[in-house]
Chemist: 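The structure's right below; bear with me while I get my questions together.
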Amino acid sequence: PGLRGLAGGDGRAAKFPCSISWMTRRGLPRHCTLCFWNLGWVCLMRALLKDGDVAAMSFADWLRAGFMMQMYAAGFTTVVLTPMKGPD
């Protein structure tokens, strides 16, 4: 925001402060957000699920995996399938 203001900004059309969801609605910011969001989930799942060693997973590990998949599915639905669109 500081550099943008010095460069002239968006003028009267500027909406600041804006939310992260507003900034990442379209274009390259949206694609980058989705890529990093999915990459973060992959890293978390690999760390918590013992790098995919299914035979070494205990019952608690399976419960953890189920919870993570439910959280991922909820996030995928709200972020990818039904993103925020329209006027502010």
Chemist: Leu63 and Phe59: side chain to side chain contact (heavy atoms under 4.5 Å, CB included), yes or no, with the steps?
Modeler: CA-CA 6 Å; Leu63 289 176; Phe59 181 70; 3.4 Å; yes
Chemist: Output the distance between atom CG (Asn38) and atom OG1 (Thr33), rounded to the nearest 0.5 Å.
Modeler: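 If I round to the nearest 0.5 Å, the distance is 11.0 Å.
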Chemist: Check side chain to side chain contact (heavy atoms under 4.5 Å, CB included) between Leu44 and all other residues, then give those that pass, not counting sequence neighbours.
Modeler: Trp41, Leu48, Met68
Chemist: Going hydrophobic residue to hydrophobic residue with side-chain gaps under 4.5 angstrom, can you get from Leu81 over to Met69?
Modeler: yes
Chemist: In this structure, would Met45 and Trp62 fall into the same cluster of hydrophobic residues linked by side-chain contacts under 4.5 Å?
Modeler: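 Same cluster: Met45 reaches Trp62 through Ile, Leu, Val, Met, Phe, Trp or Tyr contacts under 4.5 Å.
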Chemist: Would you sort out whether Phe76 and Trp37 count as a side chain to side chain contact (heavy atoms under 4.5 Å, CB included), showing the intermediate values?
Modeler: CA-CA 10 Å; Phe76 187 83; Trp37 183 74; 4.1 Å; yes
Chemist: Run through the side-chain heavy atoms of Ile, Leu, Val, Met, Phe, Trp and Tyr, join any pair under 4.5 Å, and report what else lands in Leu28's cluster.
Modeler: none
Chemist: Which other residues end up in the same hydrophobic cluster as Val42, if Ile, Leu, Val, Met, Phe, Trp and Tyr are linked when side-chain heavy atoms come under 4.5 Å apart?
Modeler: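 None, because no other hydrophobic side chain comes under 4.5 Å of this residue.
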